[in-house]
Asks: 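Please see the structure below; I have some questions.
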Amino acid sequence: EPEVTQTPSHQVTQMGQEVILRCVPISNHLYFYWYRQILGQKVEFLVSFYNNEISEKSEIFDDQFSVERPDGSNFTLKIRSTKLEDSAMYFCASSEWGRTEAFFGQGTRLTVV
Amino acid sequence: AQSVTQLDSHVSVSEGTPVLLRCNYSSSYSPSLFWYVQHPNKGLQLLLKYTSAATLVKGINGFEAEFKKSETSFHLTKPSAHMSDAAEYFCVVSGGYNKLIFGAGTRLAVHP
């Protein structure tokens, strides 16, 4: 069964450093997303991406964040100058055109120290 | 704006007894609603979805949910809990094609 894969599963980084979280969406999906879940809090929408551009983003997704589809299979989330409060589980998801349900990866646990 | 409220943060049941996880939604239009499950150290798995077809939706692992427009509810049920059902369950509403809006989650504990 096709699935969304994320790497790495865990990442520890020092405050102020840049991190790149990587995702391989399901191959025939056209919409891609990043969500995050801070420990003990709700899963929050960050950004959606379609046709090589951001289609919607939340207030959380400020200039510190960027997304890219560098090739035909990968979808990345870059966080510049990480802060302690960026520590969270980051989920990548994808969906087919015209479908509202999304399929999620296993997540990347980011710890900023 | 779309939102969901999960009425219980924790639910504890005995193995073999019914499960009820409650969710109310708010939507300015006919919503798409979902239940996702998150097992410890795992990703988010789609359990079932409602997209304006049948109001009683069957999902994986014996779960089902009923859409009740008059009550703005979408409660998740299972007739008989299994130990492997212990997990966190999220009620989710679609905020359009571009995003999903999650409830706070209900942690289900199943004891022998």
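All values derive from a computational prediction rather than experimental measurement. Lettering follows sequence order; numbering is per chain, from 1.
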Asks: Could you tell me whether the side chain of Gln64(A) and the main chain of Arg80(A) form a donor-acceptor pair under 3.5 Å?
Replies: yes

Asks: Output yes when a side-chain donor or acceptor of Gln6(B) lies under 3.5 Å from a complementary backbone atom of Cys91(B), and no otherwise.
Replies: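 Indeed, once roles are kept as given, a pair shorter than 3.5 Å links the two residues.
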
Asks: Counting only non-hydrogen atoms closer than 4.5 Å, does Leu100(B) touch chain A with its backbone (N, CA, C, O), its side chain (CB onward), both, or neither?
Replies: both

Asks: Sort Phe49(A) into side chain, backbone, both or neither according to what part of it lies under 4.5 angstrom from a heavy atom of chain B.
Replies: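 Answer is neither: Phe49(A) stays 4.5 Å or more from chain B.
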
Asks: Which atoms of Gln37(A) are under 4.5 Å from chain B, going by heavy atoms: the side chain, the backbone, both sets, or neither?
Replies: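 Interface part for Gln37(A): side chain.
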
Asks: Flag yes if more than 12 heavy atoms outside Gln14(A) fall under 6.0 Å of its CD atom; otherwise flag no.
Replies: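 Not more than 12 within 6.0 Å, no.
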
Asks: Using distance alone, with no hydrogens and no angle criterion, decide if Ser48(A) and Ser55(A) have a side-chain donor and acceptor under 3.5 Å apart.
Replies: yes

Asks: Please flag which part of Gln45(B) lies under 4.5 Å from any non-hydrogen atom of chain A: side chain, backbone, both or neither.
Replies: neither

Asks: With only heavy atoms counted, which part of Lys49(B) is less than 4.5 Å from chain A, the side chain, the backbone, both or neither?
Replies: side chain

Asks: Can any side-chain N or O of Thr106(B) pair as donor or acceptor with the backbone N or O of Asp8(B) at less than 3.5 Å?
Replies: yes

